[in-house]
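The structure under discussion appears below in the form of structure tokens.
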Amino acid sequence: MRFTRRGLVKLGATVAVAACGVSAAAWHLRGWARRALWERLPTEIPPGELDTHVARTLMAATHALLDAEIEDRHYREFFAWHSAEIPGYSGFYERATTLLDTLAQRQSGLLFADCALPVRRQMLLDALAFRNSTMRRLWTSVVGADWLMFDRHFVRPLIDLFAATDAWVLLGYHSWPGQPGGLAHYRDEAALKTDSSAHLHAGDTS
Amino acid sequence: MTESTVAIIGSGIAGASVAWQLTQMGHQVVVFEKGPEYPYPYRSQFRERVLYRYRNPAHRLPADLKSLTASGTYRHDINREREMWVGGSSTQWNAITLRMIPEDFHTRTSFGYGRDWPVTYAELEPYYCRGEAMLGVAGTDEDNHFAPYRSMPYPLPPFELGARDSIFAEQLRAHDIALHTTPQARTRRGYDERPACPNFGTCMVACPVGALYSPAHHLNRAVQTGRCQVLSNVSVRRIVMDGHGRARSLVYQKNHEDAEEEVAAEVVVVAAGAIESPRLLLLSADDRHPEGLGNEGGHVGRHLAFHHLWNGSIVYREPVLAGRIGPVTGQSHQFLSPPHRGPHGGVKVEFSANHLGRRENLRSATTASDALERLQRRSRRRGIFLHAESVPTPQKYVSLSRERDRFGDRFAHVHYESSDFDRETHAFSQRIYDRFAEATGGEKEYLAGVDDFISGAHHMGTCRMGTDASDSVVDSFARVHDTVNLFVVGSSSFVGTSGAMNPTLTLVALAIRTADYIASRLL
């Protein structure tokens, strides 16, 4: 079969238009696809109490990512409440634990929570490196979709909770919004002299 | 058809004020609320929203009940500015409760723009006092030389300026700018069965103890008298008039039922905000009122005005920590009525410790260090709000949308375009912003553009008050012209904006005045 030059131009134009259309549709639908395919919580699993190992693993991941002085309590309560109250979280936290343990056993032969903090931290940073690259994110959606779910339902809420709580104190505030801070401290000049970098550290908090 | 004495449509702060006042005087009221229950005090909401970062869908109305369409230059989602649940939008708010200044009531006469109110500051002053007592306003005028006359002291002492605010106040004073405390409906100490504010700092989300005033405080107490009933999840679809100018009944529908019901009322009070109130009057059109109730002069939905809140931030070399986040602190009322007011409006400046300026983007942060790096500026930044008045124009209005709710009733349509007056006011605000940055030794970081303002959920003026139906919808007691017993309370009845002052205290004062009128003349 022979193509005329005009035919080739037409074919090329059609392919280009179709590619643009598909790209536009994919761009438009990416949020939906992400939620429907990779980030959908396993809502078929009913809410329930956190298993001890799951709770320990989630806190181990929390310490690995939050490399600063934090109060454990509100993170622990956050996970426990979501697991017990919101459909999908109980199953997701179990899957996340399996994901983390599988990664840790492959790399060090230990459960994730038993690894040293620097090891845990490096494992997570490597696994989550796709967050900074669209191409790597796409590739992860093909070969490691559970990490997209982990990002969406663990990492992002964790950072959000940190920014709403401990970050305030690390920046030099007396308390974070949600703690009864009282009405004396804010008028105290000494509060202005807080060194906001004093709380930051890189040590092992586990 | 069932019966009630006074039917109040909307359980927000205007409706709750009327309900509380009337039940105190021994009258029976029924409050109709489209949205769901919202249990008070807000302990469970506090836990969910603050500690667990969760928005409970049980508190949200679906889009086929709560929606609107919009056009014009306003960039934010007006629908999200309205809370529809028991207590309305004043269940999570900054609680800044200020009086309008006397000049705001006669801008046409004094400055050549807007329209004079049919009520004066002097007439409203006793009701301001009662409103402050009802809400438990903490404040002082001792540090504010721009405050209007008052006949009674504030019921509660003020929230003092913070340590850093005081330093800013000194710097500003050296440049002839006043910074003073902010009157607010929070309990500086225990008041009216509400505990002293423990400063949770989550007022805009949920106060778990009731230190922040909520209309639910008085709604619950009204219910306890046995003379008030609050019906939630009920949509009032229209008001039925008889042939003698009397509102006879309401037609309503429970949100999840198929059949309409009708309830007779001696008095009907519409208190559904400046978007839903005109919508209901328009939806209530009948043979005698083909353009809607109170719309003989064509003013229902017209004369809409928002406050224009231009958000800005100033960055400093050293940390300017407030030491805490929470109740609002520093404000300046110096620019409410400047000598050249007329081509532009007045501006109130909020330079408060709880304003942080721009929000940081944390989406790409993976670790605490990443997040803190993005948040570092927070400690060196002070947010500033230029809170400006606006004026109604023909390009600011509420009408009926083509889209319909689940009952087949048309939603509201809001059209809002900034005017030359608004652009001039923005230019004035820019000059104030420059002065604040210079006086406090900061670096200008950001000030919102003229059309990037937020309304602060201050929607006003769509059923404005006036002397007769040819120029307005309601009279100075909020009664719809040419009717006997139909009232529209809330910021909807404002004659444009409330100057540059937050509207809540004024609408509460007006609602109390309306309740007195209803009790003395109609019941």
Side-chain angles (χ1 to χ4, degrees), chain A residues 62 64-70 74 77-82 85-86 121 124-125 128-129 131-132 151 155-168 170-197 199-200 202, chain B residues 46-54 56 159-167 186 188-189 196-206 208-209 211 318-327 329 353-354 359-360 362-380:
Chain A
T62 298
L65 291 177
L66 301 186
D67 48 341
E69 275 181 28
I70 58 168
H74 46 267
E77 288 180 354
F78 180 88
F79 301 135
W81 184 85
H82 276 77
E85 300 291 336
I86 311 298
R121 181 174 164 73
L124 281 181
L125 290 179
L128 294 167
R131 298 183 94 235
N132 303 317
D151 176 28
V155 180
R156 278 199 244 163
L158 187 72
I159 296 294
D160 183 42
L161 183 59
F162 168 73
T165 55
D166 295 300
W168 287 94
L170 293 167
L171 290 169
Y173 279 76
H174 176 55
S175 57
W176 43 267
Q179 290 180 314
L183 291 169
H185 187 80
Y186 83 97
R187 288 178 286 130
D188 179 7
E189 273 196 54
L192 303 175
K193 298 189 174 71
T194 309
D195 177 2
S196 64
S197 64
H199 301 267
L200 294 170
Chain B
F46 172 82
R47 282 198 301 275
E48 288 175 355
R49 294 281 305 279
V50 176
L51 303 180
Y52 309 136
R53 321 289 295 165
Y54 176 72
N56 192 332
F159 287 87
E160 301 90 338
L161 292 182
R164 176 57 66 177
D165 295 328
S166 300
I167 295 170
R186 280 182 191 80
R188 186 65 182 82
R189 61 176 180 232
C197 174
N199 189 16
F200 283 94
T202 53
C203 309
M204 290 302 287
V205 182
V209 295
E318 301 296 321
V320 288
L321 298 171
R324 66 94 169 87
I325 196 79
T329 49
N354 81 340
R359 294 189 67 180
E360 303 84 0
L362 296 173
R363 200 166 169 130
S364 61
T366 306
T367 64
S369 302
D370 292 346
L372 285 171
E373 196 181 311
R374 289 161 177 77
L375 294 168
Q376 277 295 342
R377 274 207 151 201
R378 184 184 281 182
S379 58
R380 294 192 296 114

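Convention: sequence-line order gives letters A, B, ...; per-chain numbering from 1.
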Please name all residues satisfying salt bridge (charged side-chain N to carboxylate O under 4.0 Å, His left out) with A:Asp166, sequence neighbours left out, ordered by chain then number.
none

For chain A, find which of B:Ala196, B:Ser369, B:Ala371, B:Gly201 contributes the most heavy-atom pairs closer than 4.5 angstrom.
B:Ser369

How are the rings of A:His82 and B:Tyr54 set to each other: parallel, tilted or perpendicular (split at 30° and 60°)?
perpendicular

Using the test salt bridge (charged side-chain N to carboxylate O under 4.0 Å, His left out), find all partners of A:Asp160 that sit at least two apart in sequence or belong to another chain.
B:Arg53

Per-residue contact mode, A:Ile86 against chain B (heavy atom under 4.5 angstrom)
side chain

Largest heavy-atom contact set with chain A, pairs under 4.5 Å, which of B:Val50, B:Thr366, B:Leu362:
B:Thr366

Part of A:Phe162 lying under 4.5 Å from any heavy atom of chain B
side chain

Would you say the side chain of A:Leu125 lies within less than 4.5 Å of the side chain of B:Thr367, judging by non-hydrogen atoms?
yes

